[in-house]
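What follows is a single structure, written as structure tokens, with notes after it.
Side chains are part of it too, since the values below use all heavy atoms of this structure and drop only hydrogens, waters and symmetry mates. All ligand and atom numbering here is 1-based and tracks the order in the structure. In this text the structure is predicted, and so the values were computed from the model without any measurement.
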Amino acid sequence: MLAALGAPVSAHPLDASPDRLPPKNPVARPYPPPPPPPPTFGAPALERRWSPGGEVSGLPGEGNLVALTVDDGGSGEVIAAYARWCAESGMRVTFFINGSLPGWTEQAAVLAPLIANGQLQIANHTWTHSDLLTLDDAAIQQDLLLNDDFIRNTYGVEARPYFRPPFGRHDARVDAAAAAIGYTVPVLWYGSLSDSGEIPADILLQYAREWLLPQHIVIGHANHAPVTTVFPQLAQIIADRGLQPVTLDDVWHRP
Ligand SMILES: [Zn+2]
């Protein structure tokens, strides 16, 4: 049978004629090529800049960097899925965590190797996720310091100087209270996946297409499952645009 598919063993001309070939199997078709694997990312080769020592909402200068920052952590499964995505793809993410949410304790061992290799950075989103404008200075500092202790004890890393005020709500007084305990850089954003509450994955992807742009800091949330179903698409958007994912530590030196 093999001979019928290639050069005939016999030199007799009939052996190679089409009507002597076995009928084509009507079921077996050539397999379609598998879809290309989702893109992967390497570590950036960057010359770091000094921390600006004040509020940031984007990355400095011209370039092709994008910083995906992921807040809260209402779902341990979503936290773990982000970690798997990073491990599989090389993706780099800065988490702004509320350590009071149990997922950050439950998934600590999953996150540890990615924190160690620099793909994940842990930053401070306060312990209670309160509107800092409603707290006095001492309460602002306590909310940051409780979370700071948790981060240090759980992950063995320093979160300072980066904090994200819950809801993006802050002013000069809040910033001064935070700066007095070393949190000198409030990190805002320039574009959101808008998934602090649950939204459908296709809507989330629309926001991703709108905001995953050069030198943007984009905010997402580890609260609801839909984002975990579109990680390959997010990676494709980033790759198609020639963007390099970065953490804040990839871009700035700590003061
Ligand atoms: Zn938040």
Side-chain angles (χ1 to χ4, degrees), residues 55-58 66-83 85-86 91-108 111 115 120-135 139-152 154-155 157 159-171 173-175 177-179 181 183-201 203-204 207-208 210-212 216-228 230 234 247-248:
E55 177 182 334
V56 296
S57 57
V66 66
L68 179 59
T69 58
V70 177
D71 286 16
D72 301 351
S75 164
E77 285 83 24
V78 176
I79 294 169
Y82 262 106
W85 180 35
C86 289
M91 184 64 192
R92 305 174 82 80
V93 169
T94 304
F95 279 128
F96 283 89
I97 81 166
N98 305 120
S100 58
L101 296 169
W104 296 113
T105 300
E106 294 161 7
Q107 303 301 332
L111 300 176
I115 295 169
L120 290 181
Q121 179 177 343
I122 304 291
N124 197 329
H125 194 35
T126 77
W127 182 254
T128 65
H129 205 278
S130 300
D131 176 351
L132 298 181
L133 294 176
T134 69
L135 303 183
I140 291 167
Q141 292 173 346
Q142 184 189 33
D143 211 352
L144 286 165
L145 288 172
L146 271 175
N147 209 42
D148 185 275
D149 285 345
F150 173 83
I151 291 168
R152 196 182 311 277
T154 306
Y155 303 112
V157 297
R160 289 183 177 93
Y162 301 110
F163 78 103
R164 175 164 283 158
F167 318 105
R169 302 258 296 162
H170 73 128
D171 61 9
R173 180 189 66 89
V174 168
D175 293 355
I181 54 166
Y183 280 101
T184 54
V185 184
V187 180
L188 282 298
W189 57 89
Y190 187 21
S192 174
L193 303 184
S194 300
D195 64 343
S196 60
E198 185 161 358
I199 62 169
I203 304 295
L204 191 154
Y207 288 118
E210 182 175 357
W211 294 116
L212 290 170
H216 280 217
I217 295 173
V218 176
I219 179 176
H221 293 81
N223 293 346
H224 301 286
V227 69
T228 67
V230 292
L234 294 179
T247 66
L248 303 183

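- Considering OG1 of Thr228 and CH2 of Trp85, their distance stands at 11.0 Å, rounded to 0.5 Å.
- Between the Asn124 side chain and the Ala159 main chain, no donor and acceptor come within less than 3.5 Å of each other.
- Proximity of a side-chain donor or acceptor of Asn147 to a complementary backbone N or O of Ile97 within less than 3.5 Å is detected.
- A distance of 4.0 Å separates CD1 of Ile122 from CD1 of Ile115, quoted to the nearest 0.5 Å.
- Distance CG/Leu132 to CZ/Arg164: 13.0 Å, rounded to 0.5 Å.
- The aromatic rings of Tyr190 and His216 lie parallel to each other, with less than 30° between the two planes, well short of the 60° mark.
- Around the Zn ion (ligand 1), the protein N, O or S atoms found under 2.8 Å comprise Asp72 OD1, His125 NE2, His129 NE2.
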